[in-house]
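Worksheet for the structure shown next.
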Amino acid sequence: MIFNLGDPVLVIDEDLSGIIKNISEHIISVETTDGFLLDFRPDELVVNKSDYRDTGALFSEKSIGDIVSEKEESPKRKWPKARAKDRYEPTMEVDLHIDKLVKSPRGMSKYDILTLQLDTARGQLDFAIRKRIQKIVFIHGVGEGVLKIELEYLFGRYNNVKFYDANYQKYGLGATEVYIYQNISAI
C-alpha cells in the first residue's frame with residue numbers, strides 16, 4: 001500500500017488512528033488523535049478512507065450529482081389497497097368433494113369416501129394451525145348432510161376453533177368456515 005504524508009491511517013489490530021507525519025524506509029511515524037507520535041511498519045497500517053479532512057477528497061470519488069441523488073428521497077412504493085371486504089375473506093379453501101381428492105372414486109365404499117374426506121379435513125386443519133392461518137373454508141357440498149355433521153363433530157373437538165356456515169353468496173349452503181384462534185389462552 002502506498003502512503004503519503006498527511007494521510008489519515010488506522011492501525012491494524014489496535015484501536016488507534018492518526019495522521020502520517022514522517023515516512024522512512026521501513027518505519028512510518030503516525031501522530032495519534034491523542035497527540036502521541038508512534039512508529040509502525042507499513043504492513044501494520046491502512047489508509048482511513050472514511051476520514052476526509054479536505055473537501056477535495058470528499059468529492060474525489062463521487063460526482064455532485066451522485067451525492068444529490070443519494071440525499072433525495074426515493075419515491076414511495078405504491079401498494080395495492082385491499083378493500084375491507086377482501087381483508088376478511090378466508091385465506092385457504094379446501095374442497096372435500098371426492099372427485100377433487102382422488103382421480104377416480106370407483107371401487108370406494110361410502111365409508112371409505114367419508115373417511116378420506118375427514119382425514120383430509122383434519123390434516124388441512126392441523127396444517128393451518130401449525131402455519132397460523134386464521135380462516136379456512138371447507139367446501140363439502142349440500143348432499144345428504146352426513147359430511148357436514150361429521151365435520152362439525154371434528155371441529156368441535158378442537159378448543160381453539162370456531163366454525164359457522166361460510167358466505168352464502170359465494171359458496172351457497174355447501175361450505176363451512178373455520179376461524180382459528182391464534183392465542184388459546186385468550187378464549
Side-chain angles (χ1 to χ4, degrees), residues 10 12-13 15 46 48-52 58-187:
L10 296 171
I12 297 175
D13 295 334
D15 189 20
V46 291
N48 186 1
K49 293 185 180 183
S50 65
D51 187 14
Y52 295 109
L58 178 63
F59 296 109
S60 64
E61 294 178 20
K62 293 184 178 182
S63 69
I64 293 175
D66 291 342
I67 294 170
V68 170
S69 66
E70 244 180 53
K71 297 294 180 184
E72 287 179 353
E73 204 172 303
S74 61
K76 300 231 178 201
R77 206 168 158 191
K78 292 184 181 180
W79 295 95
K81 291 188 178 181
R83 298 179 313 179
K85 185 178 180 182
D86 294 338
R87 267 183 258 141
Y88 299 108
E89 288 293 313
T91 55
M92 186 173 166
E93 289 181 358
V94 179
D95 194 344
L96 296 174
H97 287 94
I98 192 64
D99 58 329
K100 302 289 184 186
L101 300 178
V102 294
K103 281 186 178 178
S104 173
R106 182 175 280 186
M108 293 178 74
S109 67
K110 289 188 177 198
Y111 174 79
D112 293 337
I113 292 172
L114 182 63
T115 304
L116 178 64
Q117 290 170 323
L118 289 173
D119 287 345
T120 302
R122 183 180 306 109
Q124 293 297 318
L125 183 60
D126 290 340
F127 171 81
I129 290 171
R130 275 194 319 273
K131 297 297 181 181
R132 302 183 68 79
I133 297 172
Q134 213 164 22
K135 288 183 185 178
I136 313 171
V137 172
F138 290 95
I139 303 169
H140 48 73
V142 180
E144 296 173 16
V146 175
L147 179 57
K148 182 176 182 176
I149 292 169
E150 290 294 327
L151 285 174
E152 289 174 357
Y153 177 73
L154 172 69
F155 300 148
R157 295 175 63 191
Y158 288 84
N159 63 349
N160 61 334
V161 300
K162 175 175 75 169
F163 58 93
Y164 40 85
D165 289 338
N167 184 355
Y168 179 76
Q169 291 177 337
K170 187 171 182 181
Y171 301 104
L173 293 172
T176 301
E177 186 170 321
V178 176
Y179 179 85
I180 302 169
Y181 292 101
Q182 300 301 324
N183 189 358
I184 298 172
S185 63
I187 300 175

Rounded to the nearest 0.5 Å, how far does [atom2] of [Y] lie from [atom1] of [X]?
| X | Y | atom1 | atom2 | value |
| --- | --- | --- | --- | --- |
| K100 | I139 | NZ | CD1 | 9.0 Å |
| E150 | F155 | CD | CZ | 11.5 Å |
| T120 | L96 | OG1 | CG | 6.5 Å |

Task: Partners passing ring pair (Phe, Tyr, Trp, His ring centres under 6.0 Å) against Y179 (at least two apart in sequence or in another chain) - done: Y181
Open item on the list: Take a 6.0 Å sphere around OH of Y164 and say whether it holds more than 12 heavy atoms from other residues, nucleotides or ligands.
Closed with: yes
- [ ] Please assess K131 against M92 for the test side-chain contact (heavy atoms from CB on, under 4.5 Å), listing each intermediate value before the final yes or no.
- [x] CA-CA 11 Å; K131 297 297 181 181; M92 186 173 166; over 6 Å; no
Open item on the list: Going by side chain to side chain donor-acceptor pair (under 3.5 Å), name the residues that satisfy it together with T176, two or more places apart in sequence or in a different chain.
Closed with: H140
Task: side chain to side chain donor-acceptor pair (under 3.5 Å) partners of Y168, counting only residues at least two apart - done: none
Task: Derivation and outcome, side-chain contact (heavy atoms from CB on, under 4.5 Å), residues D126 and Y158 - done: CA-CA 10 Å; D126 290 340; Y158 288 84; 2.7 Å; yes
Side chains of [X] and [Y], donor plus acceptor under 3.5 Å:
| X | Y | result |
| --- | --- | --- |
| T115 | D112 | no |
| D99 | H97 | no |
| E177 | Y171 | no |

Open item on the list: Could you go through L118 and L147, starting from their C-alpha distance and side-chain angles, then the distance that decides it, and tell me whether this counts as side-chain contact (heavy atoms from CB on, under 4.5 Å)?
Closed with: CA-CA 8 Å; L118 289 173; L147 179 57; 4.1 Å; yes
